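Order of the sequence lines sets the chain letters (A, B, ...), proteins ahead of strands, with each chain counted from 1. For clarity, every value in this text was computed on a predicted model and none was experimentally measured.
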Number of protein chains: 2
Amino acid sequence: MTTYQSRQLDALGDPTRRAIIAQLRGGPLPVGRLARRLPVSRPAVSQHLRVLKQARLVTDRSRGTERLYALNPEAFDSLRAYFDEYWSLALAAFKEKVEALPPEENR
Amino acid sequence: MTTYQSRQLDALGDPTRRAIIAQLRGGPLPVGRLARRLPVSRPAVSQHLRVLKQARLVTDRSRGTERLYALNPEAFDSLRAYFDEYWSLALAAFKEKVEALPPEENR
DNA sequence: CCGACTGGTAAGCTATTACTTACCGTTCGT
DNA sequence: ACGAACGGTAAGTAATAGCTTACCAGTCGG
């Protein structure tokens, strides 16, 4: 029940990080391979990976001298649940009363 | 089938815009009322609303002298579908072969 | 009409952030 | 044990993005 959603959405709000995620869709990759496929330097990739890791969107494990990064299914599941819970409620209400008037004067 | 997902994720990658969305969960609101509930100025809210509108996350209609902003259910639905389609595939694969080896040498 | 309200836009400042190069520690093969 | 490759971190720069104040246009009520 952690409140990682903000951090996750912030992390997803960058094109390069989304590109990293797109690459990781194919399976775990070491940092160097990841950097070679992207138009930025390896340190930049490392920094993005740190953000993604803090948001729990990726996990890492070291294998020999290299470090494998992979998508974290649980985080994406929780994010999807967040969408369902948080927004579907409000949206379902909207679809019924589309012509709803705004709430009365508060503040 | 439009490719608004990037723009939507970029738009959601800002706390103030998420706060705006949170306010709009309760129903449509005019800009001024929205600004009064947030710790930023009205022009700032206007600028955020422009971004949210370009991402199709909100819709607006004018009523008299004021302009009502509301969440756009379709956009949130499509974004949720994006999550399901785009990520669930990769993640389902992961859950089966958790100990999968990384792909062979390509590039 | 005219004054008061609405909200969008312009211009400019500040702060954040994404990027680079340079450096360092770790791990493995020979 | 040494050399090479891996990748994380530090420091500095440049671009971006969010914010503010000031201004302007449209709409409604008197």
Legend entry - Base of D:dT20 paired with side chain of B:Gln47 (donor-acceptor, under 3.5 Å): yes
Legend entry - Base of C:dG8 paired with side chain of B:Arg42 (donor-acceptor, under 3.5 Å): yes
Is the phosphate of [N], meaning OP1 or OP2, less than 4.0 Å from a side-chain N or O of [X]?
X	N	result
B:Ser41	D:dT20	yes
A:Ser46	D:dT9	no
B:Thr65	D:dC28	no
B:Tyr69	C:dT6	no
A:Arg17	C:dA18	yes

Legend entry - Comparing B:Val51 and B:Pro43 on DNA chain D - which has the more 5′ nearest nucleotide: B:Val51
Inset, instruction - Scan A:Ser62 against the nucleic acid and name what it touches under 4.0 Å (heavy atoms): base, sugar-phosphate only, or nothing. - result: nothing
Inset, instruction - For A:Arg50, report the nucleic acid contact type (base, sugar-phosphate, nothing); a contact means any heavy atom under 4.0 Å. - result: sugar-phosphate
Inset, instruction - Ignoring the backbone of B:Thr16, work out which of D:dC19, C:dA18, D:dG18 is nearest its side chain. - result: D:dC19
Just the rounded figure in Å: distance from [atom2] of [N] to [atom1] of [X].
X	N	atom1	atom2	result
A:Arg63	D:dG7	CZ	C1'	14 Å
A:Leu29	D:dC6	CG	C1'	15 Å
B:Asp10	D:dT16	CG	P	13 Å
B:Arg61	C:dT6	CZ	P	18 Å
A:Arg7	C:dT17	CZ	P	13 Å
B:His48	C:dG7	NE2	P	17 Å
B:Asp14	D:dT16	CG	P	17 Å
A:Arg67	D:dG8	CZ	P	6 Å

Legend entry - Spacing of A:Arg42 atom CZ and A:Leu34 atom CG [to the nearest 0.5 Å]: 11.5 Å
Legend entry - Nearest-0.5 Å distance that lies between atom CD in B:Gln8 and atom OG in B:Ser78: 4.5 Å
Inset, instruction - Answer with yes or no after comparing the ring centroid distance for B:Phe83 and A:Phe76 against a 6.0 Å cut-off, counting only values under it. - result: no
Inset, instruction - Please examine the side chains of B:Leu57 and B:Asn72, heavy atoms only from C-beta on, and report whether any two atoms are closer than 4.5 Å. - result: no
Inset, instruction - Look at A:Asp10 together with B:Arg18 and state whether they make a salt bridge at an N to O cut-off of under 4.0 Å. - result: yes
